Amino acid sequence: MFEALNTQPPDGLLGLIKAFNSDGRARKIDLGVGVYRDAEGRTPVLKAVKEAERILLETQDSKKYLGPEGDIGFSALLQPIIFGNGERFAGRIAALQTPGGTGALRLGAELVRSANAKAAVRVGAPTWPNHVPIFSAAGLKIEAHRFVVLASQAVDFDGVRQGLAKANPGDVVLLHGCCHNPTGVDFSRDQWREIAGALAARNLTPFVDLAYQGLGDGLDEDAWATRLILETVDEALVAYSCDKNFGLYRDRVGSLFVLARDLDETAKVMSNLAALARVAWSMPPDHGAAVVRIILERPALVAMWREELDSMRERINGNRAALAEADPALAFVRNQRGLFSNLFLSKPQAAALRDRHAIYCTDSGRINVAGMQPADAGAIVAALRAEGCIADKAAA
Ligand code: LMR
């Protein structure tokens, strides 16, 4: 039967990891996949994580199954960090631990499909390349609207308004909670207020992807929009990832939170999430979530983690400043947030950066600002200019 299969194109982002690793040139810069690097170019295990892992190793006395909802303490302790004191939502949030943010997105998509197979998912373009395939794989229809005009690096808010206006009641609207991937462009607070109002007025269901909390402006600041949305609507989904803000990438640590109208609906949602998880992965992998729970249970480890998160964020924003200062044509990078900016490159330009300059970014021109050193800014700008990527916007 396998002869009937078509060969699938390799995933562009994951292919970049391989290509970078096998590049033998001494001076190479990885601005590809979204992974943080420190001043030595490493992606270290956080000290708070190492300490929690030590505690886990010493105290874990069983590996028996936990059940489809995973580590309940993990999801419960994350909630005040994401939703604030959240008394307003008491008992109305169903939570289930997932394999990374991707697992949370897929599980949420399956839940939407079970509840309303006719719901379309409204997605702003550009978006993370895996978003549309995830929702399509769950059998949902996708409707795209413009989100950012890359040439001007500005939100196309008319495009967003039109997208929301075209949505039918019951449709789902995918929103990046902070640190937009791939552009680094986030909505202003006024724009978020308008979006929240439109969602409530038109009975649309927000699906917030929150994968970079703490890496933009701070834990509370980066959750501001998610909290506003949840306070404004009756129903919402939030796909959360700890892969970046706890540096747990390969451990795949995420959670899906679903806000329902009342206690009965929350219980119904929870039973559906458990059933959907059961047929997908049965139970989520434990290690990373247990590590996060151990950190969040101990004020000393929370303080250690927050300090490390602060320094990651400061370094990312320092890299942004270095790029902006290296060339006025990149001034916009300073005001964007999170790991990414999108440089509006053609595919041949991205290939030329790789082949001639050993600078790796995605074919769409997304750069991972967290992958560089401030001292790389000059080389990056010189390569961009040599390949005509920013020549038209050259400073005098
Ligand atoms: C990225 O966008 O680089 C990350 O979210 C990694 C991934 O899974 O694509």
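These figures come from a predicted structure and were not determined experimentally. All values below come from the heavy atoms of this structure, side chains included, with hydrogens, waters and symmetry mates left out. Start at 1 and go down the list; that is how both ligands and their atoms are numbered.
Judged by the 6.0 Å distance and 45° axis criteria, K28 is not positioned over the aromatic ring of Y360. In this structure, R293 fails the cation-pi test against F74, since its NZ or CZ atom is not both closer than 6.0 Å to the six-membered ring centre and inside 45 degrees of the ring normal.
In this structure, F147 has its ring center under 6.0 Å from that of H180.
Screening D363, D23, D30 against R354 for a salt bridge (Lys or Arg N to Asp or Glu O under 4.0 Å) leaves a single residue, D363. Of the candidates D220, D222, L78, Q213 forms a side chain to side chain contact (heavy atoms under 4.5 Å, CB included) with just one, namely D222.
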Output, or 'none' if empty, a list of ligand 1-protein atom pairs in which both atoms are N or O and the distance is under 3.5 Å, rounded to 0.1 Å.
residue: ligand 1; atom: 2 (O); partner: W128; partner atom: NE1; Å: 3.1
residue: ligand 1; atom: 2 (O); partner: N181; partner atom: ND2; Å: 3.0
residue: ligand 1; atom: 2 (O); partner: R366; partner atom: NH1; Å: 2.8
residue: ligand 1; atom: 3 (O); partner: G34; partner atom: N; Å: 2.7
residue: ligand 1; atom: 3 (O); partner: R366; partner atom: NH2; Å: 2.8
residue: ligand 1; atom: 5 (O); partner: K244; partner atom: NZ; Å: 3.2
residue: ligand 1; atom: 9 (O); partner: W128; partner atom: NE1; Å: 3.1

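Note: F246 and W305 have parallel aromatic rings, judged against thresholds of 30 and 60 degrees for the angle between ring planes.
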